[in-house]
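Quick notes on the structure that follows.
Predicted model, so just to flag it, every value in this text is computed and none were measured. Numbers restart at 1 for each chain; the letters A, B, ... are given by sequence-line order, proteins then strands.
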Amino acid sequence: MKFQSVRGFKDWVPEEFIRYEHLIDLAKAILKKYNYQEVKIPILEKTELFIRSIGEVTDIVQKETYTFQDRNQEFLTLRPEATAGICRMVIENGLFMRPKPLKFFTIGPMFRHERPQKGRLREFYQIDVELFGNLTPWYEVELIKMGLKILYSPLKDLSEDEEIKNLFTLEINSLGCEKCRPNYKNYLLSSLKDSQNLLCNTCQQRLERNPFRILDCKNPNCQTEIQKLEPIHKFWCEDCELHFKELKELLEFLDLKYVLNPYLVRGLDYYTRTIFEIKGKGLGAQDTVCAGGRYDKLLEELGGPFLPAIGFAIGIERWELCISQYLNPQTFLERLSPQVFIALLGREQFNEGLKLAEALREADLKVEVLYEEKSLKALLREADKLSSKKVLILGEEEIKEGKVLLKDMLQGTQEKISLEKLIPKLKEEFIYP
RNA sequence: GAGGUCGUAGCUCAAAGGUAGAGCACCGGGCUGUGGCCCCGGGUGUUGCGGGUUCGAGUCCCGUCGACCUCCCCA
C-alpha cells in the first residue's frame, strides 16, 4: 500500500457515512424542536483565541493542538473544540444584540494531536451545542435533557430494554464561581503541599499549573490523598450551593437519573459552576460521549459583553460506537440501494433508458441504470446485489409497445405496464406508501 | 509524549526458518428475456515499509509507519 491516511484521520466509506448521516439527522430533528439554530464556523482560528479561551496551561493547548504558521507567519490552530469559535462568532457578528437566549449548534470535525485509540481520533466529529444569556438552572436541565434525548434517539424502538435504558449515565458537579472557586483552589494547594511527595509526577506538576486536575487522577496513591480532602461542595458560596440544589431538584423533577461526582473536573479552564459528563458503556478508557457545562465569564474574557452561557459537545464517533451494536443494519440498507434499477436489453435501448431514468428522477425516485451490454440474467444479478426493490426491464419488444416490464425483486412478480401508468405506480409505492 | 500487543489477498484468518494458502468477496464462463441457488475456471499478493542475520525470512533482529490496549489526556 503506497499511501495511508494520516495517523488518527480516517475515511468514511459509504457504509460508515450513512450511519453518521443517520445519527446527524436524528440529532438535528431534536435540536430543531428545541429551536436551536445551526451555524457553521471555520475549522481554523488564530491560535490566540484558543489560548485565551481554553487556557494557556491546559494540556489541550500545550500539547494537543495542530498549530502552525501560515505564509504570513501568523500562528493558526485547527480547532480542538468549537466553543471558542462560537463565542468569537457571537462577538464578531454582534449576535449578542439578538433576543436571548441565543441557541446555536454546529456539527463538524475537531482536531487534537493525541495518541489515537478506540474512540479517540485526531480528527473527530462533534455536535456542539451552545446557549447564551441566562444564569438559571432551568436552561441547564433542558440542555442536559436534550443531550440525553439525542444520545438515546437511535434506540427509540428498544427503549424498554433494561440494558439500553442504562447505556448512558449522567455525572454532574459544580466548580463554583469566581467568588468561591479560589477558596477551594487555595485549600487544595495548601493541603496537598504537605503530601506533595506522595503524589505522582504529573500531579506534582498539576499542583503548580492546574490543581483541580489532581482530583480525577487515576493513580491510586494520588487517590488516597484525594480521599482525605474536604469535598468541593464545602467551599461553594451560598449562590453556588443554591444553584446546584435547584439543578438537582429539576433533574429529579424530570426523572433524570444522575450521579454526583465531586471529582469531576474539566480540561478546559473556562467552566464555572455546573459541569456534566455523559458516559457510555462499552467504550474502554475513552467513555465520555458528551461533556459540557456552564461558562459564564468566557464571552467577556474574549472581549464581548457579559453573557452567561452553557453548552455541551457530543463525540459522534464515540456515540456511534456505543449504539451501533444495537442498530438494525436494515435501517441503513435503504439509504444505499436504488429504488428502481433499469435493465436495458441491448445497446439499441440505451437512449430510451436514459430518457426513462431522467423522467423517474424528476419524479423523485432513486434510479440506477447500467449502460452495459449484458444479458438479462447478468443485469438482474446486478440489481440483486444492489438490493434494488424494483427492476424495469426494457427490451426491443417493450419499446415497440410503449411499455416496460416492472419486476418486484422481493416478491419475484412482474407485470407489463404502460409508460404513462409507470410513474404514478412507483410513486404510490415509494413516495406516498 | 511513555509502555505493551499486533500488521499476510478487498474482508476474516491459516502457513511453528524451506514452493504464500482457505473461506467469503471479486472477475470470466455455463447463461443475449428473468436475480438469489448451483456448476466450471481464475489468486487478484511489494506478507505495511526499510535494513540486517541466514544457503534460505511472512516467520528471527533493528528501525520506521499504522491499528489496538494501558498511561497521559479527552468528545
In the strands shown, is [N] matched to any nucleotide by a Watson-Crick or G-U wobble pair with both distances under 3.5 Å, and which?
N	answer
B/C71	B/G1
B/C11	B/G23
B/G45	none
B/G56	none

With no angle test and no hydrogens, is the base of B/A2 tied to the side chain of A/Arg115 by a donor-acceptor pair under 3.5 Å?
yes
Check: A/Arg120 side chain, B/C68 base, donor-acceptor under 3.5 Å
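Looking at the base of B/C68, it does not pair with any donor or acceptor on the side chain of A/Arg120 (distance under 3.5 Å).
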Taking any heavy-atom pair under 4.0 Å as a contact, classify [X]: base, sugar-phosphate, or nothing.
X	value
A/Ile316	nothing
A/Gln349	nothing
A/Gly412	base
A/Gly147	nothing
A/Arg112	base
A/Glu397	base
A/Ile127	nothing

Can a side chain N or O of [X] be found less than 4.0 Å away from OP1 or OP2 on [N]?
X	N	result
A/Lys385	B/C27	yes
A/Arg7	B/C65	no
A/Gln414	B/U34	no
A/Arg381	B/G36	yes

By nearest-nucleotide position on RNA chain B, the 5'-leaning member of A/Ile278 and A/Leu410 is A/Leu410
Residue met sooner reading RNA chain B from 5', once A/Phe9 and A/Lys63 are mapped to nucleotides
A/Phe9
Are the charged groups of A/Lys228 and A/Glu225 less than 4.0 angstrom apart, N to O?
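Looking at A/Lys228 and A/Glu225, the cut-off is met.
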Any Lys/Arg nitrogen of A/Arg361 or A/Glu358 sitting under 4.0 Å from an Asp/Glu carboxylate oxygen of the other?
yes
On the 0 to 90° scale, with breaks at 30° and 60°, tag the A/Tyr125-A/Tyr20 ring pair as parallel, tilted or perpendicular.
perpendicular
Using the [atom1] atom as the point on both nucleotides, what is the distance between [M] and [N], in whole Å?
N	M	atom1	result
B/U19	B/G3	C1'	40 Å
B/U53	B/C60	C1'	8 Å
B/U64	B/U5	P	16 Å
B/C13	B/G50	C1'	26 Å
B/C38	B/A15	P	29 Å
B/G33	B/C24	C1'	31 Å
B/G7	B/G48	P	8 Å

For A/Lys390 and B/U34, what is the distance between atoms NZ and P respectively, to the nearest whole Å?
20 Å
Nearest-neighbour nucleotide for the A/Ala291 side chain, B/A75, B/C26, B/C38 considered:
B/A75
Can you see whether [X] engages [Y] through a side-chain donor-acceptor pair at a distance of less than 3.5 angstrom?
X	Y	value
A/Thr274	A/Ser174	no
A/Thr47	A/Thr77	yes
A/Tyr36	A/Glu130	no

